[in-house]
Student: 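Take a look at this one; I'll ask things after.
Protein chains get the first letters and strands the later ones, always in sequence-line order, with residue 1 at the start of each.
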Amino acid sequence: MADSQAHGDHHGNLFPIYMSIAGALAVCTAASFIVNQMVGGHVLTAMVGFLLILSVAIIKAFLVGYIFMHLKWDWNLLYFIIIPAFVLGLMMVIILLPDTVIGPSRDAAEAIAISNEFTKELTEKP
Amino acid sequence: MTQAAAHDPSHSPMGMPLPNGKLAMWLFLVTEIMFFTALIGTYLILRSSVPHDHPVIKWPTPHDVHLSEPAGAINTFVLILSSLTVVLAHYAATKGNFKNATMYILVTTLLGFVFMGIKAWEYKEKISHDILPGKVGELVPGMGLNREKQFHQVGMQYVERVRGQLTHYEEKLTKMVETDTGKALANVTHADIENKKITKGTKAAYLLLTKLKPEGVINKDAQQVVTSYDSPLSPAEIGGAVNDLMHDNPDIHLSPAIPFGNMWASCYFAMTGFHALHVLGGIVIFGVISLIGLMGKLGPQHTNMLEVTGLYWHFVDIVWIFLFPLLYLV
């Protein structure tokens, strides 16, 4: 459409921006791989490694969305669609917090309860 | 309404200055965000409910399940590069350079194939090691009686499956034991097996051959479902023996025993499988566009389409950006 051709022209020379963002993404990927190796080699704790790797992933996703998906220019036209999806995502995380937080201890208690039942059965049988 | 300006935009005072196709693609993408959020959220729940500090009852490490982190990292680079080429294709189209656009789309399609190729290799690794949902043993030595009782049914299924698989390797394992101990299998004693010179793999082979193989050991009900077994080995010990055997002899392929292995396999195949299907869809579309371009028919009327398929492809890339660390790294 003539519309989008004009659309593209308005933003000047995007080629160097695209290339530098791609370079940044590659660096981020290499960084998260290195952090993973460091966690494996016990230079970093698992929690620190997890937070670093997740932060890098969020930065990468942001860069792809902002520049490659043209949200830098189209955000005002699209935010009303995109924001609700993230609100729903956040709601899902909050709703599931009880399961993520108490999971291991709940399962351990459940396992002990089950084993107690088994033991009761075995000892009560004549 | 979002009327695309089919005519000059300045003559349409109504609607958004956004092509229909772009808005529609974004609407589709946010539904896909919810779809993958559900899958990834489920994985996070399941994974976080597994103890962290138990020496044996823990989520499988990439090494346990034959997962190659470098393969995942290469796939990440491949997708990032393909995102770059697809956005450059659209950029070339906006500048009127449709030859370059065709070239970039061809490269994108090719990179998509590379991604699928590496994924196919990874899946082959899993399948050849029998790391599939429902096929992995859940019990290994050191898990405790509580857990063994919890996983009783699964343990029975696993024992039966390993018994069936062992028939293929009977000759090989017998030879292994006889070579290592220097005696015929029937004459091997407990003392020979406990000898320090005997490898773990040979010991495991002996245990499996003598304690698991005999027909009368397994009890089945009327429906041929295994109910119990009279072997002196528990499913956990059998799992441990199988792991030892395969560790020393990589050419023997039995179902491994990996705690939470079935859960891991379900999550892995669900997430990467759906992602791979999305990549496949993208490849098909890019293939069609490549053909249009190779026939010389790519023109200004396709600029929107290039942007919109680029949006889809970037979304696929973003999903992988999250899948890679969650499955391979942490």
Student: Can you tell me if B:Met34 has over 12 outside heavy atoms packed within less than 6.0 Å of its CE?
Tutor: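 Yes, because the 6.0 Å sphere around CE of B:Met34 holds more than 12 heavy atoms from other groups.
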Student: Angle class for the A:His70/B:His90 ring planes (parallel below 30°, perpendicular above 60°, tilted otherwise)?
Tutor: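 The rings of A:His70 and B:His90 sit tilted, inter-plane angle from 30° to 60°.
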Student: Ignoring hydrogens, what is the shortest heavy-atom contact between A:Ala26 and B:Ile80? Give both atom names and the distance.
Tutor: N-CD1, 4.4 Å
Student: How long is the straight-line distance from CG of B:Leu329 back to CZ of A:Phe50, given to the nearest 0.5 Å?
Tutor: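 Going from the CZ atom of A:Phe50 to the CG atom of B:Leu329 covers 11.0 Å.
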Student: Count the heavy atoms belonging to other residues, nucleotides or ligands that lie under 6.0 Å from OH of A:Tyr79, then report whether that count exceeds 12.
Tutor: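 Count not over threshold, so no.
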Student: Starting at CZ of A:Phe33, measure out to CZ of B:Phe77 and round the result to the nearest 0.5 Å.
Tutor: 9.0 Å
Student: Heavy-atom distances under 4.5 Å only: say whether B:Leu311 touches chain A with side chain, backbone, both or neither.
Tutor: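 Both backbone and side chain of B:Leu311 come within 4.5 Å of chain A.
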Student: Among B:Ser83, B:Ala38, B:Gly41, which residue has the highest count of heavy-atom pairs closer than 4.5 Å to chain A?
Tutor: B:Ser83
Student: Taking all non-hydrogen atoms of both residues into account, name the closest pair between B:Phe322 and A:Ile58 and its distance.
Tutor: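 So the minimum-distance heavy-atom pair works out to CE2-CG1, 4.0 Å.
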Student: Sort A:Phe80 into side chain, backbone, both or neither according to what part of it lies under 4.5 angstrom from a heavy atom of chain B.
Tutor: side chain
Student: Which region of A:Ala61, side chain (C-beta onward) or backbone (N, CA, C, O), has a non-hydrogen atom less than 4.5 Å from a non-hydrogen atom of chain B, or is it both or neither?
Tutor: both
Student: Please say which of B:Thr76, B:Leu79, B:Ile321 ends up in a side-chain contact (heavy atoms from CB on, under 4.5 Å) with A:Thr29.
Tutor: B:Thr76
Student: Check the pair B:Leu88, A:Phe68 against side chain to side chain contact (heavy atoms under 4.5 Å, CB included), reporting the backbone distance first and the verdict last.
Tutor: CA-CA 9 Å; B:Leu88 288 177; A:Phe68 283 178; over 6 Å; no
Student: Say you draw a straight line from CG of A:Leu14 to OG1 of B:Thr94; how long is it, rounded to the nearest 0.5 Å?
Tutor: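 Answer rounded to 0.5 Å: 7.5 Å.
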Student: Calculate, to the nearest 0.5 Å, the distance between atoms CG and CG belonging to B:Leu23 and A:Leu77 respectively.
Tutor: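 Reported value, rounded in 0.5 Å steps: 9.0 Å.
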Student: Can you tell me if B:Phe274 has over 12 outside heavy atoms packed within less than 6.0 Å of its CZ?
Tutor: no
Student: Top residue by heavy-atom pair count (under 4.5 Å) with chain B, among A:Leu25, A:Leu78, A:Leu88?
Tutor: A:Leu78
Student: Step through the shown structure and confirm whether more than 12 heavy atoms of other residues, nucleotides or ligands are within 6.0 Å of NZ on B:Lys99.
Tutor: no
Student: I'd like to know which of A:Ala30, A:Ala85, A:Gly65 tops the heavy-atom pair count under 4.5 Å against chain B.
Tutor: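 Result: the option with the highest number of such pairs is A:Ala85.
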Student: Could you check which of A:Lys60, A:Gln37, A:Met69 has the highest count of heavy-atom pairs closer than 4.5 Å to chain B?
Tutor: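 With the most close heavy-atom pairs to chain B, the winner is A:Met69.
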Student: Does a side-chain heavy-atom distance below 4.5 Å link A:Pro84 with B:Val30?
Tutor: no
Student: Ignoring hydrogens, what is the shortest heavy-atom contact between A:Ile81 and B:Trp26? Give both atom names and the distance.
Tutor: CG2-O, 4.2 Å
Student: For B:Leu46, which atoms come within 4.5 Å of any heavy atom of chain A: side chain, backbone, both, or neither?
Tutor: neither
Student: Look up atom CE in A:Met92 and atom CD1 in B:Ile40, then write down how far apart they are to the nearest 0.5 Å.
Tutor: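 The CD1 atom of B:Ile40 is 8.5 Å from CE of A:Met92, to the nearest 0.5 Å.
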Student: Side chain, backbone, both or neither: which part of A:Leu71 has a heavy atom under 4.5 Å from chain B?
Tutor: side chain
Student: Below 4.5 Å, heavy-atom pairs only: which of B:Thr61, B:Leu326, B:Thr37 has the largest tally toward chain A?
Tutor: B:Thr37
Student: Of all the heavy-atom pairs spanning A:Tyr18 and B:Leu84, show the shortest one and how long it is.
Tutor: O-CD1, 3.5 Å
Student: How far does CG of A:Asp74 sit from CG of B:Leu18, to the nearest 0.5 angstrom?
Tutor: 6.0 Å
